Amino acid sequence: MFRKDNLSLGIILGVFTPVVAFFLYYVFFVMMPRHISLGEFFTMISDNKQMQPKLISICLLLNGVVFYLYTRIRRDVTAKGIFLVTMLYAIVIILLKILHG
């Protein structure tokens with residue numbers, strides 16, 4: 001599946017890679033050092049509106065790595081899908097910053 005070069009694979013990777021990055025962020029930077037449960041972490045994020053775009057931006061870094069890897073192996077159509085979803089996430093980040101100051 002990951003050897004194919006198609007747009008839908010890129011979109012799927014672009015959507016789920018930041019989700020994986022979010023859980024990695026939670027495990028390594030929240031749960032292990034501070035012992036905060038996932039529910040408490042979600043509450044912290046929902047209460048702190050200024051933290052939301054920052055956290056999404058951090059999670060998008062892994063999208064950049066996946067995008068780089070797919071362009072490196074010449075799977076350009078898949079990379080376009082990853083880039084498309086990354087731009088959609090960027091629009092969400094901008095809107096969150098505008099709405100929550």
Side-chain angles (χ1 to χ4, degrees):
M1 178 179 168
F2 293 107
R3 293 182 184 257
K4 294 182 180 177
D5 189 22
N6 60 31
L7 191 65
S8 60
L9 175 62
I11 290 171
I12 290 169
L13 286 172
V15 169
F16 288 113
T17 301
V19 174
V20 170
F22 172 81
F23 285 109
L24 289 173
Y25 177 86
Y26 166 72
V27 167
F28 290 112
F29 296 107
V30 178
M31 185 187 76
M32 288 176 62
R34 299 184 197 146
H35 305 291
I36 296 174
S37 72
L38 187 59
E40 291 173 325
F41 186 55
F42 279 129
T43 303
M44 283 176 24
I45 293 169
S46 63
D47 290 344
N48 189 352
K49 302 292 185 198
Q50 293 178 345
M51 186 175 157
Q52 292 171 359
K54 295 174 186 176
L55 185 59
I56 295 170
S57 298
I58 289 170
C59 293
L60 276 181
L61 290 175
L62 193 57
N63 247 12
V65 172
V66 174
F67 174 78
Y68 171 76
L69 292 174
Y70 271 87
T71 56
R72 191 93 167 124
I73 61 172
R74 299 284 185 205
R75 304 280 192 254
D76 295 331
V77 177
T78 304
K80 285 180 187 178
I82 297 168
F83 184 73
L84 172 71
V85 174
T86 303
M87 290 300 106
L88 293 175
Y89 272 115
I91 292 169
V92 168
I93 292 169
I94 291 169
L95 290 174
L96 285 171
K97 285 189 140 313
I98 289 171
L99 292 176
H100 301 299

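Note that the structure is a prediction, hence the values are computed from the model and not measured.
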Can a donor-acceptor pair be found, under 3.5 Å and without considering hydrogens, that links the side chain of [X] to the backbone of [Y]?
X	Y	result
Tyr89	Val15	yes
Tyr26	Leu38	yes
Thr78	Leu7	no

Inter-residue atom distance [X].[atom1] - [Y].[atom2], 0.5 Å rounding:
X	Y	atom1	atom2	answer
Arg75	Leu9	CZ	CG	10.0 Å
Phe67	Lys80	CZ	NZ	10.0 Å
Leu55	Gln50	CG	CD	14.0 Å
Lys97	Ile56	NZ	CD1	10.5 Å

Residues which pass side-chain contact (heavy atoms from CB on, under 4.5 Å) with Val65, listed by chain and number, not counting sequence neighbours
Leu62, Leu69
Which atom names give the shortest non-hydrogen contact between [X] and [Y], and what distance separates them?
X	Y	result
Pro18	Gly14	CD-O, 3.1 Å
Ala21	Cys59	CB-O, 3.5 Å
Tyr70	Ala79	CB-CB, 4.3 Å
Gln52	Ser46	NE2-CA, 3.7 Å
Phe41	Met51	CE1-CE, 3.9 Å
Ala90	Leu60	N-CD1, 4.4 Å

Co-membership, hydrophobic cluster, residues [X] and [Y], 4.5 Å side-chain:
X	Y	result
Val19	Leu84	no
Val20	Val66	no
Leu61	Tyr68	no
Met32	Ile45	yes
Leu13	Ile58	no

Anything under 30° is parallel, anything over 60° is perpendicular, the rest tilted; go ahead and classify Phe42 against Phe22.
parallel
Atom NZ of Lys49: over 12 foreign heavy atoms under 6.0 Å
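More than 12 heavy atoms, drawn from other residues, nucleotides or ligands, come within 6.0 Å of this atom.
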Who are the side chain to side chain donor-acceptor pair (under 3.5 Å) partners of Thr86, not counting sequence neighbours?
Asn63
